[in-house]
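The chains referred to below are lettered A, B, ... by the order of the sequence lines, with proteins before strands, and numbering in each begins at 1. These numbers were taken from a predicted model, which means no experiment stands behind them.
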Number of protein chains: 2
Amino acid sequence: MVPLNSPLTRKLSAFVALSDIDLETLARFHRRRRTFLPGHEMIHEGQPNASAFILAEGWALSYKVLPDGERQIVDFQVPGDFLGLRSVLFRTADHSIEAATHIEASEVLTSDIFDAFSHAPRLATAVLWAASRDEAMVVEHLVNIGRRSAEERLAHLLLELGARLMLVGLGDKTGFACPLTQYHLADALGLSAVHVNRVLRHLRDDGLVTFQKGRVVFDDFDRLRKMAGFDTGYLDQDGPLLR
Amino acid sequence: MVPLNSPLTRKLSAFVALSDIDLETLARFHRRRRTFLPGHEMIHEGQPNASAFILAEGWALSYKVLPDGERQIVDFQVPGDFLGLRSVLFRTADHSIEAATHIEASEVLTSDIFDAFSHAPRLATAVLWAASRDEAMVVEHLVNIGRRSAEERLAHLLLELGARLMLVGLGDKTGFACPLTQYHLADALGLSAVHVNRVLRHLRDDGLVTFQKGRVVFDDFDRLRKMAGFDTGYLDQDGPLLR
DNA sequence: CGGTCTGTTGACAGTGATCAAAAAGTGTGG
DNA sequence: CCACACTTTTTGATCACTGTCAACAGACCG
């Protein structure tokens with residue numbers, strides 16, 4: 001019943017050796033099971049007192065919308081990810097989160113989180129680490145958009161998604177199932193959908209990677225990786241730092 | 001002697017009502033005073049077991065360098081900011097930090113931080129909040145680069161720096177002292193220095209903002225703000241969330 | 001006084017946006 | 001099973017924002 005081996009638990013344990021109390025506290029995060037339909041807005045920018053979620057199944061995307069209607073996707077969330085932590089710590093959510101597919105998730109209330117931290121300080125440290133890891137991904141995304149060409153950006157994003165999915169057993173060097181549309185990629189990379197399409201064709205023609213029919217296939221993983229300047233450093237963690 | 005009213009303490013107190021133990025623990029972060037010269041690399045990407053710093057005086061910049069030598073500045077740090085937290089939580093620093101000016105800072109060791117968290121859990125929550133606030137700034141920066149024109153990006157960055165400096169009493173609606181070069185702005189915004197220069201001239205000619213001789217002057221704050229779509233939401237915090 | 005760093009300007013090139021339209025895929029109800 | 005609507009993918013033509021290259025002026029420094 002208690003998912004001691006949930007993806008999140010596994011992830012946090014990789015950083016901090018969690019005590020039984022920590023594990024119990026963490027298990028309590030999984031009490032409220034929720035289901036969302038594709039397109040449902042789980043958290044809306046500006047919403048006060050939003051909850052956080054632990055994603056068990058499906059993909060979500062966090063984004064901001066500009067006054068002129070343009071959208072910038074900040075990050076994608078895949079199973080095992082903690083999402084909406086910032087909207088819990090702040091009074092009002094500073095970004096929106098939408099279900100990209102059918103989603104199964106556990107809802108975590110603000111009170112759950114603060115209670116947990118006062119009873120289980122190591123857990124607080126672990127969550128701080130997880131939040132930092134998320135920030136590292138946003139930073140890499142920033143570098144990606146700021147300084148790489150459209151081709152490199154696209155390659156980098158697909159490689160990062162692949163790497164993250166491998167960690168939770170949902171992908172390998174061959175590729176992974178991907179429910180995103182080319183519009184999603186465009187909104188994440190600061191490009192137009194038309195240009196994304198052109199670049200995808202080019203990458204495919206070059207025998208590097210194929211994005212089609214809900215699946216990403218790495219046709220030449222090493223060459224793609226080299227071309228994108230992709231380095232997993234910001235995702236790796238060798239073993240518990242705190243014992 | 002113990003700077004109970006340091007900028008960092010003030011910032012954290014705005015989120016969590018800190019106990020005496022929390023405050024004492026926090027004060028212990030300020031034991032190791034350090035000075036750095038302009039251009040000094042305080043943290044180097046890949047460096048193992050780096051320290052964190054609390055900036056008392058001067059400006060720093062965190063950045064990543066790509067294989068081809070291009071640099072992307074991720075964030076600027078101004079007095080009162082906590083910097084390098086991620087490089088403490090990770091085994092190796094995932095980004096570099098360089099002093100832009102002469103810097104006065106307190107060095108915080110990894111052990112300080114972990115000890116603090118086990119003795120003062122509320123402090124851990126406060127630091128998590130501060131880290132999330134930093135992440136919110138990186139996210140806004142990402143949106144800035146991904147979806148805004150060069151002109152809007154520049155205006156937005158100058159407004160954000162202004163807002164942050166106002167919080168620590170180093171600027172007002174008139175403007176602020178700014179030690180950055182146009183190269184810094186270019187590296188932060190994903191633009192070329194030449195283009196930054198052109199856009200700055202345009203903004204100046206339009207009577208919006210002037211960036212010259214180490215000073216940013218807001219010639220028409222409201223119009224600039226409107227043009228950039230600048231909203232301070234992601235920086236605001238009304239009062240302690242946790243009592 | 002020469003060297004270096006920063007700021008400034010012009011000419012030209014190229015990446016990626018925009019506009020337009022068609023093809024292919026997906027789902028729905030009759 | 002088909003017709004229809006809608007979303008997603010694809011391609012072409014054109015345009016503009018921004019990068020690159022080059023040169024020079026001014027400030028600062030030893």
Q: Measure from CG on B:L180 to P on C:dG7 and round the result to the nearest Å.
A: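 That distance rounds to 10 Å.
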
Q: Applying the side chain to side chain contact (heavy atoms under 4.5 Å, CB included) test to B:E98, which of B:L61, B:I73, B:I43 qualifies?
A: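 For B:E98, the side chain to side chain contact (heavy atoms under 4.5 Å, CB included) check succeeds only for B:L61.
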
Q: Counting only side-chain heavy atoms from C-beta out, which of D:dT10, D:dG19, C:dG7 sits nearest to B:L191?
A: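 Output: D:dG19.
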
Q: How about B:S106 and B:H30: does a side-chain donor come under 3.5 Å of a side-chain acceptor?
A: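 Side chains of B:S106 and B:H30: pair found under 3.5 Å.
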
Q: I want to verify a distance call: between D:dT18, C:dG7, C:dT9, whose nearest atom is closest to the B:V194 side chain?
A: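 Nucleotide nearest to B:V194's side chain: C:dT9.
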
Q: For A:G214, report the nucleic acid contact type (base, sugar-phosphate, nothing); a contact means any heavy atom under 4.0 Å.
A: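 Touches nothing.
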
Q: Applying a 4.0 Å non-hydrogen cut-off, can you work out what B:G39 is touching in the nucleic acid: base, sugar-phosphate, or nothing?
A: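 If one applies the 4.0 Å heavy-atom cut-off, B:G39 turns out to touch nothing in the nucleic acid.
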
Q: Separation of B:E70 atom CD from D:dG19 atom P, in whole Å?
A: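 After rounding, the gap between these two atoms is 10 Å.
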
Q: Which nucleotide in the set C:dT8, D:dT10, C:dG25 lies at the smallest distance from any side-chain heavy atom of A:K213?
A: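 For the A:K213 side chain, the nearest candidate turns out to be C:dG25.
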
Q: With under 30° as parallel and over 60° as perpendicular, where do the rings of B:F221 and B:F218 fit, or are they tilted in between?
A: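 Ring orientation, 0 to 90° scale: perpendicular.
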
Q: Go through the steps to decide whether A:E140 and A:H156 satisfy the test side-chain hydrogen bond (donor to acceptor under 3.5 Å, both in side chains), and finish with yes or no.
A: CA-CA 10 Å; A:E140 190 61 28; A:H156 193 278; 3.3 Å; yes

Q: Tell me which of B:F211 and A:H195 sits closer to the 5' end of DNA chain C, going by the nucleotide each one is nearest to.
A: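 First, find each residue's nearest nucleotide; the 5'-ward one identifies B:F211.
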
Q: I want to confirm an ordering. Mapping A:H184 and B:V196 to their closest nucleotides on DNA chain D, which one lands closer to the 5' end?
A: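 So the residue in question is A:H184.
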
Q: In whole Å, what is the span from the CG atom of B:L185 to the P atom of C:dT6?
A: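 It is 12 Å, rounded to the nearest whole Å.
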
Q: Nearest to the side chain of A:Y183 - C:dG25, C:dG7, D:dT8?
A: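 Closest nucleotide among those given: D:dT8.
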
Q: Please tell me if B:N197 has a side-chain N or O lying less than 4.0 Å from either OP1 or OP2 of C:dT8.
A: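 The answer is yes; a side-chain N or O of B:N197 sits under 4.0 Å from OP1 or OP2.
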
Q: Roughly, in whole Å, what's the span from CZ in B:R148 to P in D:dT18?
A: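 Value for this atom pair: 14 Å.
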
Q: Could you tell me whether the phosphate oxygens of D:dA27, OP1 or OP2, come under 4.0 Å of any side-chain nitrogen or oxygen in B:Q212?
A: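 For B:Q212, the contact criterion (side-chain N or O under 4.0 Å from OP1 or OP2 of D:dA27) is not met.
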
Q: When you check the gap from the basic side-chain N to the acidic O, do A:R147 and B:D187 get nearer than 4.0 Å?
A: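 So A:R147 pairs with B:D187 through a salt bridge.
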
Q: Just compare C:dG16, D:dT10, D:dT20 and give me whichever is closest to any side-chain atom of B:S192.
A: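 Nearest to the side-chain atoms of B:S192, counting from C-beta on, is D:dT20.
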
Q: In whole angstrom, give the distance that lies between atom CZ of A:R204 and atom C1' of D:dT11.
A: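 Rounding to the nearest Å, CZ of A:R204 and C1' of D:dT11 are 12 Å apart.
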
Q: Please report, rounded to the nearest Å, how far the P atom of D:dT8 is from the CG atom of A:D187.
A: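 Rounding to the nearest Å, CG of A:D187 and P of D:dT8 are 12 Å apart.
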
Q: Classify the side chain of A:R198 versus the base of D:dG12 as yes if they form a donor-acceptor pair under 3.5 Å and no if they do not.
A: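 Answer yes: a donor N or O sits under 3.5 Å from an acceptor.
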
Q: Tell me the interatomic distance from B:R147, atom CZ, to C:dG16, atom C1', rounded to whole angstroms.
A: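 After rounding, the reported distance stands at 12 Å.
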
Q: What is the distance from CG of A:L189 to C1' of C:dG16, rounded to the nearest Å?
A: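 So the two atoms are 13 Å apart, to the nearest Å.
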
Q: Indicate, with yes or no, if the rings of B:F53 and B:F82 have centres closer together than 6.0 Å.
A: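 No: the rings miss the under 6.0 Å criterion.
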
Q: Given D:dT10, is OP1 or OP2 found less than 4.0 Å from the side-chain N or O atoms of A:Q182?
A: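 Yes.
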
